[in-house]
Number of protein chains: 2
Amino acid sequence: MYSIKEIAAKFGLRASTIRYYEEIGLLENVVHEGGYKRVYDETHIDRLSAIECFKKARLSLEEIKQFFEYEKDIHSNSGNILEMMKAKELKTKEEINRLKAGLEHVQMKIKYYSAVDEAIKEGREIPAWGDIIK
Amino acid sequence: MYSIKEIAAKFGLRASTIRYYEEIGLLENVVHEGGYKRVYDETHIDRLSAIECFKKARLSLEEIKQFFEYEKDIHSNSGNILEMMKAKELKTKEEINRLKAGLEHVQMKIKYYSAVDEAIKEGREIPAWGDIIK
DNA sequence: GCTTGAGTTCAAGTCAACTTTAAGTTGTAT
DNA sequence: ATACAACTTAAAGTTGACTTGAACTCAAGC
């Protein structure tokens with residue numbers, strides 16, 4: 001049994017975020033002790049772990065919620081889940097490639113401005129981009 | 001010389017986005033022909049190409065703007081640029097790793113739900129997660 | 001019986017990066 | 001002269017994922 005503070009800390013989230021997730025239906029069956037204080041158990045830990053994993057793959061909270069809805073009736077929805085996950089696999093791979101391209105661009109800038117910085121310190125002329133980046 | 005429509009199309013952006021970039025100071029020296037119609041040239045193409053590259057590495061428009069500001073006085077700012085780019089290199093690598101972790105999670109789901117899907121089609125029992133994912 | 005601390009509700013606010021809307025302008029074709 | 005497409009401005013609206021604020025509740029300790 002965990003308090004909202006404890007469970008928030010466990011996942012590096014704020015209590016307000018945990019409450020928000022419940023509000024939008026992402027966290028379910030939260031017991032409000034005496035109709036008041038929220039109490040969490042291992043099922044919520046599992047749910048939040050899954051949410052964090054999906055967030056890493058950039059699923060929206062809406063999509064994550066949809067996934068959990070599907071999971072409630074695997075028999076009718078395993079196909080939907082599969083389709084959803086395959087689409088996300090593609091999107092995620094694309095985003096990784098996009099980021100890799102961005103990273104390369106940034107690294108070229110690092111290379112060039114390292115040369116520039118050095119030239120300045122040694123009182124030389126600022127090198128041309130083409131002389132540093134082939 | 002390009003119209004706003006042409007340059008927007010060239011980069012897959014909307015005309016309103018191009019106007020917005022000008023408004024926030026990301027696109028500079030745009031000629032308003034007869035104080036009205038915007039006209040763009042190669043310098044704007046170059047600027048927009050750079051913006052798109054930085055966006056791939058998830059720099060905010062504010063950061064991109066800062067970069068261009070720094071570039072105007074390389075002598076005093078090459079150090080700042082270098083620092084900024086190195087910080088971004090780190091962040092981008094972190095984000096790539098985060099995405100890769102997310103991707104793995106999604107791929108495990110694909111593996112499991114493929115097995116589930118197949119089991120359902122063949123009228124078998126739904127397999128346990130542990131039997132599919134080691 | 002009063003304070004304190006942790007928790008609560010509900011509405012409103014925040015942020016970035018745009019997009020939309022409404023109303024007006026300009027140049028060209030009919 | 002009129003219609004039309006393409007352009008303009010300024011301000012307000014949108015989206016997702018939270019966060020904040022104000023006012024309230026509850027249990028525990030002094």
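When only modelled atom types and interatomic distance are considered, Glu22(B) and His32(B) share a side-chain donor-acceptor pair under 3.5 Å.
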Item to check | Worked check of salt bridge (Lys or Arg N to Asp or Glu O under 4.0 Å) between Arg58(B) and Glu95(A) | outcome: CA-CA 11 Å; Arg58(B) 299 191 167 273; Glu95(A) 184 59 19; 2.4 Å; yes
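The base of dT26(C) has none of its N or O atoms less than 3.5 Å from a complementary donor or acceptor on the side chain of Tyr36(B). Between the side chain of Tyr20(B) and the base of dC18(C), no donor-acceptor pair under 3.5 Å is found.
Put simply, CD on Glu63(A) is 14 Å from C1' on dA17(D), counting in whole angstrom units. Between Leu26(B) atom CG and dC18(C) atom C1' there is a gap of 13 Å when expressed in whole angstrom units. Nucleotide dC18(C) holds its C1' atom 15 Å from the CG atom of Leu48(B), rounded to whole Å. Per the geometry, CD belonging to Glu62(A) stands 8 Å off P belonging to dA17(D), to the nearest Å. Rounded to an integer number of Å, the gap from CG of Leu13(B) to P of dT20(C) is 14 Å. The CD1 atom of Ile18(B) sits 10 Å away from the P atom of dT19(C) (whole-angstrom rounding). Rounded to whole Å, the distance from CD1 on Ile7(B) to C1' on dA6(D) is 17 Å. Distance Arg14(A) CZ to dA6(C) C1': 17 Å, rounded to the nearest Å.
Here the side chain of Arg19(A) is nearest to one of dT8(C), dA17(D), dT19(C), namely dT8(C). The side chain of Leu61(A) lies closest to dC18(D) when the candidates are dC18(D), dA17(C), dC18(C). Listed candidates were dT8(D), dT19(C), dA17(D). Nearest to the side chain of Ile4(B) is dT8(D).
For the pair Lys5(A) and dT8(C), the criterion of a side-chain N or O lying under 4.0 Å from OP1 or OP2 is not met. Checking the phosphate oxygens (OP1, OP2) of dT20(D), no side-chain nitrogen or oxygen of Ser16(A) falls inside 4.0 Å. Within the 4.0 Å cut-off from OP1 or OP2 of dT9(D), at least one side-chain nitrogen or oxygen of Arg38(B) is found. Taking side-chain N and O atoms only, Ser3(A) has no distance below 4.0 Å to OP1 or OP2 of dA6(C). Between dC7(D) and Lys37(B), no contact under 4.0 Å exists linking OP1 or OP2 to a side-chain N or O.
A salt bridge is absent between Arg19(B) and Glu23(B); no separation between the charged side-chain nitrogens and carboxylate oxygens falls under 4.0 Å. A salt bridge is defined here as a Lys NZ or Arg NE, NH1 or NH2 lying under 4.0 Å from an Asp or Glu carboxylate O, and Glu69(A) with Lys65(A) fails to meet this definition.
Checking Gly34(B) against Lys55(B), the closest nucleotide of DNA chain C that is more toward the 5' end is the one next to Lys55(B).
With rounding to the nearest 0.5 Å, the separation of CD1 in Ile64(A) from CG in Leu61(A) is 5.5 Å.
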